[in-house]
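These notes are about the structure you will find just below.
The analysis underlying the following values was restricted to heavy atoms, covering all of them including side chains, and did not include hydrogens, waters or symmetry mates. Order of appearance sets the numbers: ligands from 1, and atoms from 1 within every ligand.
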Amino acid sequence: MADRTAPIENGCSPTGNERVIEHFDVLIIGAGLSGISAAYHLQKECPSKTFTILEARQSMGGTWDLFRYPGVRSDSDMYTLGYRFRPWRQVKAIADGPSILSYIRDTAREFGIDRKIRYGFQAKLASWSSALARWTVQATLPTGTTIGFTSSFLFLCSGYYDYTEGYMPGWPAMDQYRGRIVHPQQWPEDLEYKDKRIVVIGSGATAVTLVPALAQAAAHVTMLQRSPTYIVARPSEDALANWLRPRLGARLAWSLARWKNVLLGMYFYSLARRKPDETKKRILRLAQKELGPGYDARKHFSPRYNPWDQRLCLVPDADLFLAIRSGKVSIVTDEIETFTEKGIRLKSGDELEADLVVTATGLKLRLLGGMQVIVDGIPINPARALSYKGTMYSDIPNLASVFGYINASWTLKADLTAEYVCRLLNYMDARGYDTCTPHRRDPSLVEQPAIHFTSGYFQRGGDALPKQGSKEPWKLHQNYARDMLQLRFARIDDGVIEFTRLSETSCPAE
Ligand SMILES: Cc1cc2nc3c(=O)[nH]c(=O)nc-3n(C[C@H](O)[C@H](O)[C@H](O)COP(=O)(O)OP(=O)(O)OC[C@H]3O[C@@H](n4cnc5c(N)ncnc54)[C@H](O)[C@@H]3O)c2cc1C
C-alpha cells in the first residue's frame, strides 16, 4: 500500500502541460487535524488504496502549527476536538496549542501517516477528466517548480481560511502610529511585550485568549471592541472525565466524557436557539457574577445578536474575568476614529495610548484550499455548488472536503466525513464504479446559505461558500447525531449520487 509510485497507465495527461509524476487512488490536500484523520481512516478502512497527503507548509498540524500567539488554545473540549480513534489522555480538557500540535504529530507518527506527507506542495489547480475518471492536480513547490499528480479521488482537508494573511481592516493614520502593530496570525517569535501597554482590537475567540495571556507580563492590556461577544467561563478540566479515568481506564472514561460533551453541547445549542432571551440573560448574569456588582457587564458583555448567531467564546477557569478583576485588563466598547502617533483615538473622543497594538480582527475565508477546480474544462464556482451531505458538491465528481461544525468541535465532522468517504470508496470498488457525482434533480429544492452566522469572516466571505438545500441530503445539520445517521449509517446509493463505470480507458484524441 501507500507511498509507492504507481505508474500512470498509458501516460494520459488530462490537461496536457504538466509533468505528472505519480498516480494515487486518493490525494489528500492538507496535513492538519482533518488530513491526518482522513489518512487514518483510509489506511484502516480502505487498506488497498494508495494515497498521499500534499501539504503546502513545511510541517503538519495546520491551524495548531500556524498560530503561535501567547496563550493559544482550544475553545472546545479535547474529548470532542480529539479524534474518535485516539483518546485524549491529558488532564486538561481545554488544551494549549502546543499540546494539540503534539497530539496531532503523535497520532501521525503512531499510525505511520507522517511518512505519507509531501511537504512544500501547494496544490494550485485540480482538473477532472470524465473521459479518464481522474483528477490531475498541479502543485507548486517553494522553488516555483510545478509538479502534477493524478488521482481517482480528491479529498480536500485544506481548512477554511487563507494561510498567507489574516483579515486586517484599514484604519486612518495607521502609518503615523509609532508603536508596533501585530496580527495574531503572524505573531513574531521575538516579540517583547513585558511591561508594555497593549491594545488588542477585537472581541472574538483570539482576542479573549490573548488578552489574559498577555496581561501576565504586560503593564496593562485593553481589549478594544466595537461590539461585545457572548463570553462563558468553563473549567479547563473535565471533572467527570478526571474522576472516571482512574476508575474505568483512559479509553472508557474518554468515551463517556466525549458523549457527555457531545450531548450537552447539542442540548445547550438547541436551548439557546429556542430561548434566546433567557440564554442572553443567563450569560450576562454569569458574567456579572464573575466581575462583581460594580462592573458594567451590560455594556461590555451584551452583544447585539442572539447567542449562537456567532460562536460563543469560552474562557477557561474564568481567566479573562479574573484578569479584569485584577485591574491588569480593561475592556473598552467603542469605535476607532483614527490611529495617532501614540495610540488610537476613539469615536467617543477618548484616546488609548499603546506601545503595541494587536489586531485580533479575524481570518480571511478561503475555500477549496485556494485551488482552481475545473471539471471537464469548465471552471467551478464554489458559490454555485450545492453541498451534498456537507461533504461533496453538486456536479463535482469524486471530490469530498471537510468543513467542521460552527457549534461543536471541528473533528467530530472531520472524522465522520472521512468515514463516509471510505464507505463510498468501498461501495464503488465492490460494484466496479469509477465515478460518483451528486446531482441536483429535485425541482422543489430551495437553495439556502450554507451557514446562518453573523461572524465577521462569514459576513465578509460567506457569499463564496457553496449553498445548502432545503431537504436531505443537501441540508447542513450542524448536529453530530443527525450527521452520524446521514454519514455513518444512511445508504450510499440514495438516488441522488450517480455512479458510473468507465467502459474503456484511453486518451482522448489529441
Ligand atoms: C486560532 C484558532 C483556534 C481554533 N480553535 C478551535 C477549537 O477550539 N475547536 C474547534 O472545533 N475548532 C477550532 N478552530 C477551527 C480549526 O481550524 C479546526 O479545529 C481545525 O484545526 C481545522 O483543521 P483542518 O485540518 O481541517 O484545517 P487546518 O488546520 O486549517 O489545516 C489545513 C492544512 O491544509 C494545508 N493546505 C491548505 N490549502 C492547501 C493547498 N492548496 N495545498 C496544500 N496544502 C494546503 C494548510 O497548509 C494546512 O496545513 C480554531 C481555529 C483557529 C484559527
| Main-chain N/O of A39 paired to K116 side chain as donor or acceptor, under 3.5 Å | no
I'd like the atom pairs linking ligand 1 to the protein - N or O on both sides, separation under 3.5 Å - with distances to 0.1 Å.
unit_1: ligand 1; atom_1: 8 (O); unit_2: D75; atom_2: N; d: 2.5
unit_1: ligand 1; atom_1: 8 (O); unit_2: D75; atom_2: OD1; d: 2.8
unit_1: ligand 1; atom_1: 8 (O); unit_2: S76; atom_2: N; d: 3.1
unit_1: ligand 1; atom_1: 9 (N); unit_2: S76; atom_2: OG; d: 2.7
unit_1: ligand 1; atom_1: 11 (O); unit_2: W410; atom_2: N; d: 2.7
unit_1: ligand 1; atom_1: 17 (O); unit_2: T63; atom_2: OG1; d: 3.0
unit_1: ligand 1; atom_1: 21 (O); unit_2: W64; atom_2: NE1; d: 3.0
unit_1: ligand 1; atom_1: 25 (O); unit_2: L33; atom_2: N; d: 3.1
unit_1: ligand 1; atom_1: 25 (O); unit_2: S34; atom_2: N; d: 2.9
unit_1: ligand 1; atom_1: 25 (O); unit_2: S34; atom_2: OG; d: 3.3
unit_1: ligand 1; atom_1: 26 (O); unit_2: S34; atom_2: OG; d: 2.5
unit_1: ligand 1; atom_1: 26 (O); unit_2: W410; atom_2: NE1; d: 2.9
unit_1: ligand 1; atom_1: 29 (O); unit_2: T63; atom_2: N; d: 2.8
unit_1: ligand 1; atom_1: 29 (O); unit_2: T63; atom_2: OG1; d: 2.7
unit_1: ligand 1; atom_1: 29 (O); unit_2: Y163; atom_2: OH; d: 3.4
unit_1: ligand 1; atom_1: 30 (O); unit_2: T63; atom_2: OG1; d: 3.4
unit_1: ligand 1; atom_1: 30 (O); unit_2: Y163; atom_2: OH; d: 2.6
unit_1: ligand 1; atom_1: 31 (O); unit_2: Y163; atom_2: OH; d: 3.2
unit_1: ligand 1; atom_1: 38 (N); unit_2: R366; atom_2: NH2; d: 3.0
unit_1: ligand 1; atom_1: 41 (N); unit_2: A123; atom_2: O; d: 2.9
unit_1: ligand 1; atom_1: 41 (N); unit_2: G369; atom_2: O; d: 2.8
unit_1: ligand 1; atom_1: 42 (N); unit_2: A123; atom_2: N; d: 2.9
unit_1: ligand 1; atom_1: 44 (N); unit_2: A56; atom_2: N; d: 3.0
unit_1: ligand 1; atom_1: 47 (O); unit_2: E55; atom_2: OE2; d: 2.6
unit_1: ligand 1; atom_1: 49 (O); unit_2: E55; atom_2: OE1; d: 2.6
unit_1: ligand 1; atom_1: 49 (O); unit_2: E55; atom_2: OE2; d: 3.1

| Using the ring of each side chain (for Trp, its six-membered ring), is F24 parallel, tilted or perpendicular to F149, with breaks at 30° and 60°? | tilted
| Donor-acceptor pair between T63 and Y161 side chains, under 3.5 angstrom | yes
| Aromatic ring proximity Y83/Y103, centre distance under 6.0 Å | yes
| Using a distance-only test with no angle check, is there a side-chain donor-acceptor pair under 3.5 angstrom linking S129 and R134? | no
| Within the 6.0 Å centroid threshold, strictly below: F85 and Y40 | yes
